[in-house]
Amino acid sequence: MAMRVLLTGFDPFEGAAVNPSWEAVRALDGWRFGAGARAVEVHARRMPCAFGAALTALDAALAQLQPHCVIAVGQAGGRSAFTPERVAINLDDGRICDNAGCQPIDQPVVPGAPAAYFATLPIKAIVQAVRAAGLPAEVSNTAGTFVCNHLFYGLMHRLAQPDAQRQGVRGGFIHIPYLPEQAAHLPGPPPAMALADAVAALRIAVQVSVAQTQDLKLAGGALH
Ligand code: PCA
C-alpha cells in the first residue's frame, strides 16, 4: 500500500488566466516514487478560489483519497521565493472578492476553534533542501487572510481532529510566486518563478515531507 500525498492548487483569481499553484501541482499528478513499504503516490486536486467552496472541495478530496500527507499550494503574487507557511489563522478578511463574489470581513474560518494552527510539515527542512537545489526558498510567517489561509486553516483544523491525529496525517501550505508570463504583463514587474522551478521545488517538498517527520532547528524567523 503506497503512502498517498494530496497536493492541491487553486483556480485563477483576480482576473488572472492561470494560477501557478494549479499548474505546478497538476504536473505532479500521478507521480510515484519509492518501492515496497516506502512507495509514495501523488494526487493533485484543483480547488475553487472561494471561501467555503474551497473547504467543500478539500473535504471531497480527503474523503476520496484518505491521504497520509497534504500539501496545499497557492499563488502569492509579489513574493520572490518558494515559501512554506508556518501558521494558519482562524480569520477570513478579504481584501478582494473571491471567485464567488464573497468578501467576508473579520469572520472566523471555524467559529469557536483555536486562533491558529502550525503546519505539521518540516518547513525548515523543505526550505533547506530547496535552497540546496539552487532555488530561492524561505519560511513565511503569514499566509494572509484570503482563501489560501482559509483552506490552510480548514485543513489544519481537520487534521487536528482525533481520527486524523491517530493516523498521523500531516499537512501544510506553500505559497509560490507568479509565473514569468504573469509578471511580464504586470506593472513593476513583480518577481516570478518559472513553472519548471516551482515544480522542482514542490517535488523536493513532497520528498522531504514524507521522509522527515521532525523539522530541523534552523533560523527561519523574521524581524517584522
Ligand atoms: N492565492 C490566494 C488564493 C488563491 C491563491 O492561489 C491567496 O493567497 O489567498
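Below, each value reflects all heavy atoms present in this structure, side chains not excepted, and no hydrogens, waters or symmetry copies. In this text, all values refer to a predicted model and were calculated from it rather than measured experimentally. In listed order, ligands and their atoms are each counted from 1. Position 1 is the first residue of the sequence, and the numbers go up from there.
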Pairs flagged by ring pair (Phe, Tyr, Trp, His ring centres under 6.0 Å) wherever residues 194-224 is involved - sequence neighbours left out | none
Can you find a pair of side-chain heavy atoms, one from Asp11 and one from Trp22, that are under 4.5 Å apart?
-> no
Please tabulate protein-ligand N/O pairs under 3.5 Å for ligand 1, atom names and distances to 0.1 Å.
{"from": "ligand 1", "atom 1": "1 (N)", "to": "Gln75", "atom 2": "O", "distance (Å)": "2.9"}
{"from": "ligand 1", "atom 1": "6 (O)", "to": "Asn19", "atom 2": "ND2", "distance (Å)": "2.8"}
{"from": "ligand 1", "atom 1": "6 (O)", "to": "Gln75", "atom 2": "N", "distance (Å)": "2.8"}
{"from": "ligand 1", "atom 1": "8 (O)", "to": "Gln75", "atom 2": "O", "distance (Å)": "3.4"}
{"from": "ligand 1", "atom 1": "8 (O)", "to": "His175", "atom 2": "NE2", "distance (Å)": "2.8"}
{"from": "ligand 1", "atom 1": "9 (O)", "to": "Val147", "atom 2": "N", "distance (Å)": "3.4"}
{"from": "ligand 1", "atom 1": "9 (O)", "to": "Cys148", "atom 2": "N", "distance (Å)": "2.9"}

Check: His68/Gln167 side-chain N/O donor and acceptor closer than 3.5 Å | no
Side chain to side chain contact (heavy atoms under 4.5 Å, CB included) between Ile204 and Phe82, intermediate numbers included = CA-CA 11 Å; Ile204 291 167; Phe82 184 84; over 6 Å; no
Polar side chain donor-acceptor pair, Glu138 to Thr83, under 3.5 angstrom | no
Look up atom CD1 in Ile176 and atom CG in Asn19, then write down how far apart they are to the nearest 0.5 Å.
-> 7.5 Å
